[in-house]
Amino acid sequence: MPLAPSADVKDAGVRVALVTGATGAIGKAIAQQIAGQPATEVVLACRNEEKAAKAVREIIEATGNCRVRCELVDVSRKASVDSLAARWRGPLHVLVNNAAVTPRRRQETPEGIESQFATNVLGYFWMIQAFTEHLKRSAPSRVVNVASYWAGDLDLADLEFMRRRYDNNEAYRQSKQADRMLTAAFAERLKSYNISVNACHPGDVSSALSNSLGFGGHHTPDEGASTPVWLAVEPVGQRQTGRYFEQMREVRCPFAADRKSVIGLYEACLRF
Ligand SMILES: NC(=O)c1ccc[n+]([C@@H]2O[C@H](COP(=O)([O-])OP(=O)(O)OC[C@H]3O[C@@H](n4cnc5c(N)ncnc54)[C@H](OP(=O)(O)O)[C@@H]3O)[C@@H](O)[C@H]2O)c1
């Protein structure tokens, strides 16, 4: 069944935001803070129906905004992402890529792709690709990629840890470097359509993801959500593109500046 936007979305000039991984610590706080903005509809893109329905109920109760709903998607599977985009009806002004995993043991998706690469990297890539036409139609529109300062050691020749021994921390750092590189790649490609693409570090928050890496977190989920939400709703997130931010400040990103590797990664992602 096509996804129907709330009946009044178009007429009332309501802005529509889609947040992946909105059942998690930071994703739910992002969705809730965006839902707290006036004239905004928020769609929670989640893989677990029960958790998603609960998050929708809690956000509606906390914000009083009834324009909050969920859609099921497994971002680690291209067919699932494409199916969501094909069913989508109505505008899309903001896409927040946030869903990520950090399994301690190497896992693969049913398609045989290492799961951190599939979720944290290809998930972002496929969501932007699949929703580009929707974002174009709603332009000016924007993409916010939730990345991390905890990033590095990307090996373009071993994106799925086939040659190296899998370590969830190394695979995670690689994936978050990739998110920052893909931000630069898509920003360049989408600029002429008035679609901005920016990346940020959210904050250090205790969550399933950070705990699996052996970390806690000294920020609350709301604090962690503040920079992604700032990019999603404030003019800076439209005016700037291809940038990386921490604590609402732009930080130079060496990964995005490595043009050859950025192109190499983009082309590698196209092959999946
Ligand atoms: N926590 C930190 O300190 C920290 C620091 C820097 C950056 N970040 C970034 O912040 C983002 C959110 O992290 P978090 O700490 O909030 O993690 P989290 O609480 O573990 O939440 C992760 C979310 O992603 C969802 N998800 C995982 N795989 C999915 C898939 N295949 N399809 C759809 N949804 C999927 C999870 O769904 P389920 O609920 O079904 O598992 C959950 O909603 C990540 O991009 C992470 O890299 C976090």
Side-chain angles (χ1 to χ4, degrees), residues 17 19-21 24-27 29-30 33-34 94-100 102 116-117 119-121 123-125 127-128 140-156 159 169-191 195-207 209-210 213 215-266 269:
V19 182
T20 71
I26 296 169
I30 292 172
Q33 287 183 26
I34 296 178
V94 183
L95 165 62
V96 181
N97 278 316
N98 162 82
T102 51
Q116 287 213 51
F117 181 63
T119 311
N120 310 4
V121 183
Y124 284 38
F125 184 89
M127 284 295 291
I128 300 174
S141 51
R142 45 182 106 178
V143 177
V144 179
N145 289 327
V146 179
S148 183
Y149 69 81
W150 192 239
D153 294 326
L154 179 132
D155 184 348
L156 269 179
L159 291 169
N169 193 41
E170 277 179 40
Y172 179 70
R173 289 180 67 247
Q174 165 168 283
S175 74
K176 292 291 125 176
Q177 173 175 344
D179 290 343
R180 289 162 58 172
M181 292 163 72
L182 289 178
T183 298
F186 278 108
E188 199 171 302
R189 283 165 180 79
L190 301 181
K191 193 172 182 177
I195 303 170
S196 66
V197 187
N198 290 296
C200 65
H201 172 68
D204 295 323
V205 176
S206 181
S207 68
L209 179 144
S210 64
L213 292 171
F215 293 111
H218 55 279
H219 293 119
T220 64
D222 267 334
E223 287 167 346
S226 60
T227 300
V229 171
W230 175 71
L231 289 172
V233 306
E234 296 296 337
V236 63
Q238 196 68 62
R239 198 170 57 235
Q240 302 281 21
T241 192
R243 310 297 172 96
Y244 168 69
F245 297 85
E246 292 176 6
Q247 295 181 319
M248 300 187 202
R249 283 205 193 90
E250 188 184 339
V251 173
R252 189 188 161 274
C253 179
F255 310 129
D258 178 356
R259 216 180 137 69
K260 195 172 161 223
S261 299
V262 166
I263 293 169
L265 176 65
Y266 183 88
C269 290

CG on Leu265 to CE on Met181, rounded to 0.5 Å: 5.0 Å

Flag, side chain of Ser196 to backbone of Gly237, donor-acceptor distance under 3.5 Å: yes

Under 3.5 Å donor-acceptor, Thr220 side chain and Glu223 backbone: yes

Between CD on residue Gln177 and OH on residue Tyr172, distance to nearest 0.5 Å: 13.0 Å

Closest non-hydrogen atom pair between Ile34 and Val233, with its separation: CG1-CG1, 4.4 Å

Any pair counted as ring-ring contact (aromatic ring centres under 6.0 Å, His included), so long as it reaches residues 226-264, sequence neighbours left out: Trp230-Phe245

Tyr124 (side chain) donor-acceptor with Val146 (main chain) under 3.5 angstrom: yes

Check: Ala100 main-chain N/O paired with Thr119 side-chain donor or acceptor under 3.5 Å: no

Side-chain donor/acceptor of Asn198 to backbone N/O of Gln240, under 3.5 Å: yes

Smallest separation among heavy atoms of Ala199 and Thr183, with atom names: CB-OG1, 3.3 Å

Gln33-Asp222 side chain donor-acceptor pair, cut-off 3.5 Å: yes

Any donor-acceptor N/O pair, Gln238 side chain to Ser141 backbone, under 3.5 Å: yes

Heavy-atom pair with the smallest gap, counting every atom of Ala147 and Asp179: CB-CB, 4.0 Å

Closest non-hydrogen atom pair, Pro228 against Val144: O-CG1, 4.0 Å

Test item: Arg142 side-chain N/O and Leu231 main-chain N/O as donor-acceptor pair under 3.5 Å: yes

Worked check of side-chain contact (heavy atoms from CB on, under 4.5 Å) between Leu182 and Ile128: CA-CA 10 Å; Leu182 289 178; Ile128 300 174; 5.9 Å; no

Distance, nearest 0.5 Å, that separates CG of Asn145 from NZ of Lys176: 8.5 Å

His219 side-chain N/O to Asp204 backbone N/O, donor-acceptor pair under 3.5 Å: yes

Atom of Ala232, atom of Val94 and distance for their closest heavy-atom approach: O-CG2, 3.6 Å

Contact summary for Pro202 and Ile26, nearest pair of heavy atoms: CG-CD1, 3.8 Å

Approximate separation, where rounding is to 0.5 Å, of Leu154 CG and Arg180 CZ: 11.5 Å

Side chain Thr227, main chain Glu246, donor-acceptor under 3.5 Å: no

Nearest-0.5 Å distance, OG of residue Ser210 to CH2 of residue Trp150: 12.5 Å

Sidechain-backbone polar pair: Asn169 side chain, Leu213 backbone, donor-acceptor under 3.5 Å: no

Sequence neighbours excluded - side chain to side chain donor-acceptor pair (under 3.5 Å) pairs with any residue from residues 249-261: Glu188-Arg259, Arg243-Glu250, Asp258-Ser261

Separation of Thr241 OG1 from Ile195 CD1 (nearest 0.5 Å): 9.5 Å

